[in-house]
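Worksheet: the structure to be examined is printed underneath.
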Amino acid sequence: GDLVDRGDYSAEVMLLLMGYAVADPGSIYINRGNHEDMTVCTGYGFVDELVTKFSQNTNGRHLLAVIDTIFSLLPLAHVVDDNVLII
């Protein structure tokens, strides 16, 4: 969790990690942290980053809606190797 709001490249980091998750689903675990919430993202600058970087033809707002949906689908925890709980 807490993929975003960590610097000037939050969007790129998040998109890269999501790409890894799609390319090889078993290789990466992504949890939903408190920053994967639109209220928190708005306060810490991730929403502004997306709109600034991707605002051509209103793509920034569309991407924001897609990311919000992805955030809502992320689990809060994972169990790894039937032994370790990651929250």
Listed pairs under 3.5 Å, donor-acceptor, residues 63-86 side chains, sequence neighbours left out:
from	atom 1	to	atom 2	distance (Å)
T69	OG1	A65	O	3.1
S72	OG	T69	O	2.7
H78	ND1	N31	OD1	2.3

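Criterion: ILVMFWY side-chain heavy atoms under 4.5 Å apart, direct or through other members. Under it, I30 and L16 are part of a common hydrophobic cluster. Residues I28 and V13 fall within the same hydrophobic cluster, defined by Ile, Leu, Val, Met, Phe, Trp and Tyr side chains chained together at heavy-atom separations under 4.5 Å.
Checked against a 6.0 Å centroid threshold, the rings of H35 and Y44 count as neighbours.
Residues A11 and L50 approach most closely at CB-CD2, 3.8 Å, considering heavy atoms.
To the nearest 0.5 Å, atoms CE (M38) and CZ (F46) are separated by 6.5 Å.
Applying the side chain to side chain donor-acceptor pair (under 3.5 Å) rule to pairs touching residues 9-24 yields E12-K53, sequence neighbours excluded.
Under the side-chain contact (heavy atoms from CB on, under 4.5 Å) criterion, D37 pairs with R32, T39, V40, sequence neighbours left out.
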